[in-house]
Amino acid sequence: MRKQEVSALLIGRFQPFHNGHLEVIRTISKQCDRLIVGIGSAQLSHTFENPFTAGERHLMISRALHDEGMDNFFLVPMVDINRYAIWVAHVASLVPPFQDVYSNNPLTRRLFEEAGYEVRSAPLFDRAVYSGTEIRKRIISGKEWEHLVPKGVAETIHEVHGDQRLKDITKEYSREVTI
Ligand code: NAD
């Protein structure tokens, strides 16, 4: 018989996955046998808030975690269902069984707590710079951003021309707004 394993679930949009997310995973992985990463809002891409597809985010995260020497993880893309009352059941139907949930997102925390899960907070790591919004703004304005993300993430963004995509969609957006 296999020994009882503790699985922890972390959900985020990871637009993009950055060093703050990686620090959270380093902390969590000391407290569980198996990590499940839910790639949230999987249906969204090609906008300023959500520039990268679920597949691109999957590649970024798997490269970053393999480079960390991790192999005990599952990456599960999750489409939003926008029916908050049943969202936790939707998530649970997609991922392997889990005991612990980690999130700082107030809505995610509330929904899991109301469903009877104990939700743990992960400490925030230098949120001013390790933030998806900050990294996307830097990409658009041509500032340095690669040092804020794991190497495999920067490689993936360059490979899919994600930096140029972000610049282009933001230009298109500002043109629409001024017309
Ligand atoms: P995110 O990528 O911004 O953050 C993921 C996690 O990492 C969060 O807990 C965040 O606090 C943490 N984090 C970010 N920067 C950090 C740093 N520097 N140091 C430490 N921790 C850091 O993703 P998010 O917006 O929280 O994603 C929540 C997902 O859940 C979304 O996709 C949302 O759509 C989904 N959701 C969907 C429904 C629904 O469809 N009904 C309901 C609730 C949530």
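Indexing begins at 1, ligand by ligand and atom by atom, following the structure's order.
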Check your understanding: Hey, is Ser131 one of the residues with a heavy atom under 4.0 angstrom from ligand 1?
Key -> no
Check your understanding: Any idea which of Phe17, Tyr84, Trp87 brings a heavy atom closest to atom 44 (C) of ligand 1?
Key -> Trp87
Would a 4.5 Å heavy-atom cut-off, applied to side chains only, mark [X] and [Y] as touching?
{"X": "Pro150", "Y": "Asn19", "value": "yes"}
{"X": "Leu148", "Y": "Arg138", "value": "yes"}
{"X": "Arg57", "Y": "Gln15", "value": "yes"}
{"X": "Val160", "Y": "Thr53", "value": "no"}
{"X": "Ile25", "Y": "Met70", "value": "yes"}

Closest protein heavy atom to [atom], given as residue, atom name and distance to 0.1 Å:
{"atom": "atom 32 (O) of ligand 1", "answer": "Ser41 OG, 2.7 Å"}
{"atom": "atom 4 (O) of ligand 1", "answer": "His21 NE2, 3.7 Å"}
{"atom": "atom 26 (O) of ligand 1", "answer": "Asn105 ND2, 3.0 Å"}
{"atom": "atom 1 (P) of ligand 1", "answer": "Arg13 N, 3.7 Å"}
{"atom": "atom 22 (C) of ligand 1", "answer": "Leu124 CD2, 3.7 Å"}
{"atom": "atom 29 (C) of ligand 1", "answer": "Ile11 CG2, 3.9 Å"}
{"atom": "atom 15 (N) of ligand 1", "answer": "Arg127 NH1, 2.7 Å"}
{"atom": "atom 40 (O) of ligand 1", "answer": "Ile81 N, 3.1 Å"}

Review point. Lys171 and Asp168: salt bridge (charged side-chain N to carboxylate O under 4.0 Å, His left out), yes or no, with the steps?
Key: CA-CA 5 Å; Lys171 255 188 261 154; Asp168 290 346; 3.7 Å; yes
Distance, nearest 0.5 Å, that separates [atom1] of [X] from [atom2] of [Y]:
{"X": "Ser7", "Y": "Ile36", "atom1": "OG", "atom2": "CD1", "value": "4.5 Å"}
{"X": "Met78", "Y": "Ile11", "atom1": "CE", "atom2": "CD1", "value": "4.5 Å"}
{"X": "Lys30", "Y": "Ile28", "atom1": "NZ", "atom2": "CD1", "value": "11.0 Å"}

Run the numbers for me: atoms of ligand 1, each under 4.0 Å from some heavy atom of [X], listed by number.
{"X": "His18", "result": "15 (N), 16 (C), 18 (N)"}
{"X": "Gly40", "result": "32 (O)"}
{"X": "Gly12", "result": "2 (O), 5 (C), 23 (O), 27 (O)"}
{"X": "Ser103", "result": "9 (O)"}
{"X": "Leu111", "result": "42 (C), 43 (C)"}
{"X": "Gly20", "result": "17 (C), 18 (N), 19 (N), 20 (C)"}
{"X": "Phe14", "result": "2 (O)"}
{"X": "Asn82", "result": "39 (C), 40 (O), 41 (N)"}

May I ask you to identify, for [X], whether its side chain, its backbone, both or neither come under 4.0 Å of ligand 1 on a heavy-atom basis?
{"X": "Pro123", "answer": "backbone"}
{"X": "His90", "answer": "neither"}
{"X": "Val24", "answer": "side chain"}
{"X": "Glu23", "answer": "neither"}

Contact (N/O only, under 3.5 Å) between [X] and ligand 1:
{"X": "Phe125", "result": "yes"}
{"X": "Asp80", "result": "yes"}
{"X": "Leu10", "result": "no"}

Exercise for review: Could you check whether the rings of His21 and Phe14 sit parallel, tilted or perpendicular, using 30° and 60° as the cut-offs?
Suggested key: perpendicular
Check your understanding: Would you call the rings of Phe98 and Phe112 parallel, tilted or perpendicular, where under 30° means parallel and over 60° means perpendicular?
Key -> perpendicular
Review point. With a distance cut-off below 6.0 Å to the six-membered ring centre and an angular limit of 45° from the axis, does Arg34 pair with Phe74 as a cation-pi contact?
Key: no
Point to revise | Residue pair Ser121 / Arg109, side-chain donor-acceptor N/O under 3.5 Å | key: yes
**Study point:** Salt bridge present between Arg26 and Glu23 (N-O < 4.0 angstrom)
**Key:** yes
Check your understanding: If you look only at pairs with a residue in residues 77-97, which of them pass as a side-chain hydrogen bond (donor to acceptor under 3.5 Å, both in side chains), with sequence neighbours excluded?
Key -> Ser41-Asp80, Gln43-Asp80
